[in-house]
J.: 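Please read through the structure below; I'll follow up with questions.
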Protein chains: 2
Amino acid sequence: MPSSRFENLDPAKRQRVFDAAVAEFAQHPFENSSITRIVRRLGIAKGSMYQYFENKRALYRYVVTEVYEKKRSYLQPVLDQDMDFFTRLKRYYQQSYVFAQDNPLYHQVTVHFWETKDESLRRFIDETKQIRALDFTTMFHQAVQEGDVKDNIDERIAFFVYHSVGKELIEGFLNLPPRRTEDHLRFIESVLTVLEQGLSTGNK
Amino acid sequence: MPSSRFENLDPAKRQRVFDAAVAEFAQHPFENSSITRIVRRLGIAKGSMYQYFENKRALYRYVVTEVYEKKRSYLQPVLDQDMDFFTRLKRYYQQSYVFAQDNPLYHQVTVHFWETKDESLRRFIDETKQIRALDFTTMFHQAVQEGDVKDNIDERIAFFVYHSVGKELIEGFLNLPPRRTEDHLRFIESVLTVLEQGLSTGNK
DNA sequence: ACGCGAGGTGACTGGGCGGTCACGTGTTGG
DNA sequence: CCAACACGTGACCGCCCAGTCACCTCGCGT
């Protein structure tokens with residue numbers, strides 16, 4: 001998506017441009033983001049930016065793609081290693097947390113991304129969602145077969161529940177109450193334990 | 001928040017103005033909404049609008065308040081009637097669904113409301129969240145005392161889980177897959193059953 | 001020494017916005 | 001009949017934006 005002109009840039013400058021874009025999209029959702037602000041921050045001409053990327057959308061898609069590639073590098077190991085369903089989910093979300101800790105700006109970009117309303121990006125967003133759904137469905141089927149998960153639960157329901165809680169966990173990483181990382185990871189674990197065990201005592 | 005001039009308006013016109021504002025805030029989150037578009041839709045002068053409301057924020061706060069009052073009228077009965085914790089929660093979210101069905105535009109206003117980033121509305125949003133949290137905490141304590149809910153579960157964790165799933169359920173009402181209302185209500189019920197019973201078989 | 005092409009530039013266009021205010025209009029009461 | 005008032009109006013200000021393009025600079029091969 002970026003032009004050859006961008007690819008050929010001095011790597012240091014290319015990084016500077018990329019970082020500035022990340023900073024912008026971390027602070028503002030796509031609709032309210034501004035190329036003007038980005039180039040002002042960078043101290044380069046607006047025209048240059050338009051030599052690198054066709055338009056604002058192209059820049060955005062590029063940034064989001066790169067950011068998700070980075071995030072993948074945190075999550076993929078969890079999917080590859082062998083462990084039971086519930087442990088894997090805990091690790092999955094805990095890794096999301098670590099990603100957010102390590103790359104707070106990247107993390108904010110992903111959060112804004114979900115809220116994007118822009119029609120021209122609709123397809124792109126849906127594709128990204130699809131990937132997440134697939135991660136889950138694969139895990140889930142395996143868990144049902146291995147007897148870890150009740151077999152009378154509709155897969156779509158299960159996905160919905162995890163997706164909701166996961167999304168909120170991830171967004172919540174932004175307004176962390178002032179505790180320590182250890183506590184945050186424990187919080188994530190507790191939340192997932194509730195999903196595993198339920199709230200009910202079974203009395204009634 | 002609206003001026004006396006707005007209150008004194010011919011009720012039909014007042015309604016028309018209100019509806020137009022709802023339509024705008026249903027379509028666009030606050031940051032991207034436009035008074036200009038609203039008055040264009042209404043065929044009145046921009047100046048008139050500014051006689052009714054001090055500025056865009058005041059109009060928005062007014063609309064959101066009214067919308068939530070309407071929503072309250074759907075939810076309050078569920079809180080007042082006597083029933084056990086899990087049933088109440090199911091009713092609560094099912095009523096949210098009915099509200100969304102009956103007032104799709106109002107519903108969209110509430111969805112956008114949560115995503116608002118505007119600093120000057122931060123306090124307002126937090127207050128509204130607080131109300132929702134209180135609803136839940138009250139129910140939850142009662143349920144623990146009555147032995148319906150495990151007593152080793154941190155209230156904040158439980159709230160977090162329900163809040164996440166509830167939020168996503170509510171947003172999801174927008175992109176309903178083309179099924180019938182009955183199915184939707186069943187979907188909500190299933191989701192809440194998962195939270196009640198958990199996913200795990202208990203084997204391990 | 002020079003022409004050429006690659007890369008960088010920023011003034012400019014056309015558009016949208018929130019908010020203002022000097023002015024028109026129609027009603028009402030003295 | 002006129003003054004006071006309430007109400008409606010839309011041109012206008014200042015600001016910000018995406019995107020364009022004629023122009024400039026500079027290094028390199030000839």
Side-chain angles (χ1 to χ4, degrees), chain A residues 1-18 20-21 23-64 112 116-121 124, chain B residues 1-18 20-21 23-64 112 116-121 124:
Chain A
M1 232 19 155
S3 71
S4 60
R5 202 137 151 183
F6 179 72
E7 305 283 12
N8 295 339
L9 235 43
D10 170 67
K13 175 164 187 185
R14 202 170 58 220
Q15 190 63 44
R16 252 173 45 80
V17 170
F18 180 75
E24 176 67 13
F25 295 129
Q27 198 156 25
H28 304 276
F30 174 74
E31 291 88 339
N32 297 30
S33 64
S34 152
I35 296 273
T36 305
R37 269 196 302 262
I38 297 177
V39 298
R40 223 170 17 223
R41 231 186 284 217
L42 280 168
I44 67 172
K46 201 192 279 200
S48 303
M49 209 61 184
Y50 279 89
Q51 305 280 1
Y52 306 149
F53 296 91
E54 199 189 334
N55 53 32
K56 200 170 83 158
R57 266 206 326 279
L59 171 61
Y60 186 67
R61 294 176 68 122
Y62 175 70
V63 167
V64 169
H112 281 142
T116 306
K117 304 266 176 308
D118 192 278
E119 258 319 306
S120 61
L121 287 167
F124 181 46
Chain B
M1 231 26 154
S3 72
S4 61
R5 204 139 153 183
F6 179 71
E7 305 284 10
N8 295 340
L9 235 43
D10 170 67
K13 177 163 185 186
R14 203 171 58 221
Q15 190 63 43
R16 252 174 43 79
V17 170
F18 180 76
E24 176 67 14
F25 295 129
Q27 198 156 23
H28 304 276
F30 174 74
E31 290 87 339
N32 297 33
S33 64
S34 152
I35 295 273
T36 305
R37 269 196 304 261
I38 296 176
V39 298
R40 234 186 350 242
R41 232 187 283 217
L42 280 167
I44 67 172
K46 201 191 277 198
S48 304
M49 209 61 183
Y50 279 90
Q51 305 280 359
Y52 307 150
F53 296 91
E54 198 189 336
N55 52 35
K56 200 170 84 157
R57 266 204 328 276
L59 171 62
Y60 186 68
R61 293 175 70 121
Y62 175 71
V63 167
V64 168
H112 280 142
T116 306
K117 302 264 178 309
D118 192 279
E119 258 319 304
S120 60
L121 288 166
F124 182 47

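Just so it is clear: chains get the letters A, B, ... in the order the sequence lines come, proteins before strands, and each one is counted from 1.
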J.: Which residues in residues 42-52 of chain B have at least one heavy atom lying under 4.0 Å from any atom of DNA chain D?
T.: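 Contacts with DNA chain D under 4.0 Å: B:Ile44, B:Ala45, B:Lys46, B:Gly47, B:Ser48, B:Gln51, B:Tyr52.
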
J.: Is there any protein nitrogen or oxygen under 3.5 Å from a nitrogen or oxygen in nucleotides 23-25 of chain C, and what are the pairs?
T.:
none

J.: Applying side-chain hydrogen bond (donor to acceptor under 3.5 Å, both in side chains), name anything that partners A:Asn55, two or more places apart in sequence or on another chain.
T.: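 So A:Asn55 forms no side-chain hydrogen bond (donor to acceptor under 3.5 Å, both in side chains) with any residue.
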
J.: On a heavy-atom basis, which atom in B:Val63 and which in B:Ala21 lie closest, and how many Å separate them?
T.: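 That closest heavy-atom pairing would be CG2-CB, 3.8 Å.
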
J.: Looking only at heavy atoms, which two atoms of B:Ala26 and B:His112 are closest? And how far apart?
T.: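 So the two residues come closest at O-CE1, 2.8 Å.
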
J.: Test: side-chain hydrogen bond (donor to acceptor under 3.5 Å, both in side chains). Region: residues 3-12 of chain B. Which pairs qualify, not counting sequence neighbours?
T.: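 Of all non-adjacent pairs touching residues 3-12 of chain B, those that pass side-chain hydrogen bond (donor to acceptor under 3.5 Å, both in side chains) are B:Arg5-B:Gln51.
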
J.: I need the minimum non-hydrogen distance between A:Arg61 and A:Ser120, along with the two atoms involved.
T.: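 Closest approach of A:Arg61 to A:Ser120, heavy atoms only: NH1-O, 4.3 Å.
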
J.: Please report the shortest heavy-atom distance between A:Lys56 and A:Ile35, naming the atom on each side.
T.: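 Closest approach of A:Lys56 to A:Ile35, heavy atoms only: CG-CG1, 3.8 Å.
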
J.: Kindly check if the number of other-residue, nucleotide or ligand heavy atoms within 6.0 Å of CZ (A:Arg14) is above 12?
T.: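 Atom CZ in A:Arg14 is crowded, with more than 12 foreign heavy atoms closer than 6.0 Å.
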
J.: Within residues 29-39 of chain B, which residues have any heavy atom lying less than 4.0 Å from an atom of DNA chain C?
T.: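 By residue number: B:Ser33, B:Ser34, B:Ile35, B:Thr36, B:Arg37.
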
J.: Under 4.0 Å from any heavy atom of chain A: name the first and the last nucleotide of DNA chain D that qualifies, 5' to 3'.
T.: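 Going 5' to 3' along DNA chain D, contacts run D:dC17 to D:dC21.
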
J.: So, does A:His28 use its side chain to make a donor-acceptor pair with the main chain of A:Ser34 at under 3.5 Å?
T.: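 Flag not set: sc A:His28 to bb A:Ser34 has no pair under 3.5 Å.
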
J.: Both A:Arg40 and A:Glu54 contact DNA chain D. Taking the nearest nucleotide for each, which residue is further toward the 5' end?
T.: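 First, find each residue's nearest nucleotide; the 5'-ward one identifies A:Arg40.
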
J.: My understanding is that only residues two or more places apart in sequence, or in another chain, count here; which of them pass ring-ring contact (aromatic ring centres under 6.0 Å, His included) with B:Phe53?
T.: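 B:Phe53: ring-ring contact (aromatic ring centres under 6.0 Å, His included) contacts with B:Phe6, B:Tyr62.
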
J.: With sequence neighbours excluded, tell me which residues meet ring-ring contact (aromatic ring centres under 6.0 Å, His included) with A:Phe30.
T.: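 Per chain and number, A:Phe30 pairs via ring-ring contact (aromatic ring centres under 6.0 Å, His included) with A:Tyr60.
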
J.: With sequence neighbours excluded, give me every salt bridge (charged side-chain N to carboxylate O under 4.0 Å, His left out) pair touching residues 25-36 of chain A.
T.: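 Passing the test, one end in residues 25-36 of chain A: no pairs.
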
J.: Go through the side-chain N and O atoms of A:Thr116 and A:Asp118 and say whether any donor and acceptor fall under 3.5 Å apart.
T.: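 Per modelled atom types, A:Thr116 and A:Asp118 side chains form no pair under 3.5 Å.
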
J.: Taking salt bridge (Lys or Arg N to Asp or Glu O under 4.0 Å) as the test, write out the residues that go with B:Lys117, two or more places apart.
T.: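 With sequence neighbours excluded, B:Lys117 shows a salt bridge (Lys or Arg N to Asp or Glu O under 4.0 Å) to A:Glu115, given in chain and number order.
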
J.: Need the bend value for the helix from C:dA1-D:dT30 to C:dG30-D:dC1: angle between end axes, 5 pairs each end, nearest 10°.
T.: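 One end axis against the other gives 30°.
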
J.: With sequence neighbours left out, what residues match B:Arg37 under salt bridge (Lys or Arg N to Asp or Glu O under 4.0 Å)?
T.: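 Partners of B:Arg37 under the salt bridge (Lys or Arg N to Asp or Glu O under 4.0 Å) test: B:Glu24.
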
J.: Kindly indicate whether the side chain of A:Phe25, heavy atoms from C-beta on, has any atom under 4.5 Å from the side chain of A:Leu59.
T.: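 Heavy-atom side-chain distance check passes, below 4.5 Å.
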
